[in-house]
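Only one structure is covered here, and it is reproduced in the block below.
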Amino acid sequence: MDYETKVLPFDRESVAEAAELLANRRIVAIPTETVYGLAANALDDWGVKNIFRVKGRPQDNPLIVHIASMKMLPPLVREIPEIANQLAERFWGGPLTMIFPKSDLISDTVSGGLDTVAIRMPESEAALAIIKKCGFPLAAPSANLSGKPSPTTAMHVYEDLNGKIPLIIDGGECSVGVESTVICFKDGKIRILRPGGITAEMLSKFAEVEVDRAVTVQPAKDERVLSPGMKYKHYSPKADVYIINAHGARFTDYCAKRARFEQNLVALGAGVPEEGCFMDYGATPEIQARRLFSLLRKADEIGAKTVLVEIPEKSGVGLAVYNRLLRAAAFRIVEV
Ligand code: TXA
Ligand code: MG
């Protein structure tokens with residue numbers, strides 16, 4: 001154990017303490033509206049390298065740089081397309097990450113060796129306050145151990161990183177619950193590399209939107225994907241997760257039947273009554289997004305061996321839920 005990890009509620013003093021640690025090259029877990037982030041000074045490679053070490057993150061998976069005002073953007077990038085300004089105006093602070101050509105201030109450690117940088121301005125009051133107090137941008141991946149479901153509460157972060165970091169700022173449960181939408185720009189179009197709280201439908205008011213193939217299709221072993229994060233196994237609890245392509249009674253009958261013969265089976269249904277093997281993961285995509293990671297962690301806690309999940313809608317925020325589930329389930333979909 002390197003540290004006695006402190007968990008402090010978000011207030012003026014804890015923000016000052018976080019900023020002081022960050023200025024001294026330490027890494028700190030901070031709340032955002034999407035998931036908790038593991039933050040370091042984005043302009044200090046030493047701190048950034050610590051993030052990779054603590055998370056056990058592959059070196060070629062780049063980090064998102066978090067800013068608190070539009071003034072912080074120009075020094076970090078070589079160019080700001082007009083559409084990026086429009087999207088920033090409409091969706092920042094919020095769960096949208098945009099890819100820009102990087103300036104020399106952004107190291108290869110942050111960019112994973114790419115010549116681009118991912119930037120977002122969060123909506124979370126706590127995240128904004130910490131970045132402002134620091135005065136420098138924060139590089140922050142999700143504050144889970146690599147491969148585990150992303151943390152949506154301070155307790156999740158504590159479970160994964162207790163003893164490895166000095167401080168977790170507790171801002172309560174994340175309101176979105178899945179990571180930000182990641183987009184890049186190509187030929188005047190918006191390309192979604194990772195779906196999230198800002199949906200394809202919302203973005204399509206600004207330009208034509210394409211959803212990258214890797215969002216819903218398993219990349220081949222050596223395929224070069226635009227967003228390196230998409231190629232790793234992700235979000236997985238210890239249990240084996242399966243997506244069940246059925247709704248309503250067809251879903252519940254299938255799960256109930258299997259539960260009669262299989263021990264430690266959990267079924268996550270959309271708006272189902274919580275009885276027997278069933279847990280409710282929410283009747284709308286927004287609720288499902290908020291609950292998904294937390295329920296996957298809970299399944300582990302209660303010793304589930306198998307988790308069956310009702311297939312989510314593939315539109316709106318549902319696409320983000322589906323994308324995370326596909327990876328948690330290693331792309332296994334059961335036709336019923
Ligand atoms: O909501 C979020 O985005 C959270 C909170 C903490 O802000 N952060 C987060 O970071 O999810 P992380 O590191 O878990 O995911 C970053 C994703 C990865 O899939 C990564 O490959 C992609 O963004 N990414 C980062 N920089 C990129 C770049 N230059 N080009 C393409 N994809 C990039
Ligand atoms: Mg992550």
Side-chain angles (χ1 to χ4, degrees), residues 27-40 42 48 51-52 54-68 76-78 91-103 106-124 126-128 130-131 137-152 156-157 160 168-169 171 174-186 191-198 212 214-215 219 224-236 289 293 320 323-324 327-328:
I27 58 181
V28 174
I30 64 169
T32 85
E33 71 281 11
T34 57
V35 301
Y36 277 71
L38 188 59
V48 173
I51 295 179
F52 284 87
V54 164
K55 262 188 77 101
R57 183 181 179 98
Q59 299 277 334
D60 68 345
N61 194 2
L63 304 179
I64 295 173
V65 174
H66 297 69
I67 59 176
L76 306 176
V77 303
R78 261 184 290 124
F91 298 114
W92 277 0
L96 179 69
T97 296
M98 297 192 255
I99 312 278
F100 299 91
K102 79 174 184 73
S103 77
I106 301 293
S107 72
D108 281 345
T109 316
V110 171
S111 75
L114 300 173
D115 60 7
T116 52
V117 59
I119 300 192
R120 101 170 175 100
M121 189 193 297
E123 182 180 24
S124 152
L128 292 172
I130 294 165
I131 301 165
L138 296 178
S142 48
N144 51 301
L145 290 176
S146 243
K148 289 269 214 122
S150 297
T152 55
H156 295 159
V157 180
D160 279 14
I168 301 169
I169 301 294
C174 300
S175 59
V176 180
V178 290
E179 305 86 341
S180 61
T181 306
V182 178
I183 61 170
C184 66
F185 307 106
K186 193 151 184 277
R191 174 172 286 250
I192 297 184
L193 304 180
R194 180 177 73 179
I198 303 301
D212 195 71
V215 166
R224 204 183 138 264
V225 286
L226 282 175
S227 182
M230 283 295 152
K231 72 182 181 220
Y232 296 107
K233 189 172 180 206
H234 250 119
Y235 318 118
S236 29
F293 288 141
N323 167 266
R324 305 314 189 271
R327 280 156 177 86

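Note that ligands are numbered from 1 as they come in the structure, with each ligand's atoms numbered from 1 the same way. Heavy-atom basis, side chains included; hydrogens, waters and symmetry copies ignored.
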side-chain contact (heavy atoms from CB on, under 4.5 Å) between I67 and W92, intermediate numbers included: CA-CA 10 Å; I67 59 176; W92 277 0; 3.9 Å; yes
Carboxylate-amine/guanidinium proximity below 4.0 Å for E179 and R327: no
Charged N-O contact under 4.0 Å between D160 and K148: yes
Is the closest heavy atom of A140 to ligand 1 under 4.0 Å? yes
Please check whether [X] reaches ligand 1 - meaning an N/O of the residue sits under 3.5 Å from an N/O of the ligand, judged on distance alone.
X: E179; result: no
X: Y36; result: no
X: T97; result: no
X: T34; result: yes

side-chain contact (heavy atoms from CB on, under 4.5 Å) assessment of S180 paired with I198: CA-CA 7 Å; S180 61; I198 303 301; over 6 Å; no
Tell me the nearest of K102, H66, R194 to atom 7 (O) of ligand 1, using heavy-atom distances. H66
Counting heavy atoms only, which of I64, N61, T116 comes nearest to atom 20 (C) of ligand 1? N61
Closer than 2.8 Å to the Mg ion (ligand 2), do we get an N, O or S atom from S142, backbone or side chain? yes
Please classify the K55 to ligand 1 contact at 4.0 Å (heavy-atom distances, strictly less than): side chain, backbone, both or neither. neither
With a cut-off of 4.0 Å, which atoms of ligand 1 are near a heavy atom of [X]?
X: S180; value: 1 (O), 2 (C), 3 (O)
X: P62; value: 20 (C), 21 (O), 24 (N), 25 (C), 26 (N), 27 (C), 28 (C), 33 (C)
X: S142; value: 8 (N), 9 (C), 10 (O), 12 (P), 14 (O)
X: L114; value: 28 (C), 29 (N), 30 (N)

Dump the intermediate steps for side-chain contact (heavy atoms from CB on, under 4.5 Å) on F293 and N144, then the final yes or no. CA-CA 11 Å; F293 288 141; N144 51 301; over 6 Å; no
Trace of the side-chain contact (heavy atoms from CB on, under 4.5 Å) decision for I130 with I169: CA-CA 10 Å; I130 294 165; I169 301 294; 4.1 Å; yes
In terms of heavy-atom contacts, I51 and A139 come closest through CD1-O, 3.5 Å
Side chain proximity check, V178 to V35, heavy atoms < 4.5 angstrom: no
Cut-off 3.5 Å, side chains only: do T34 and R120 have a donor facing an acceptor? yes
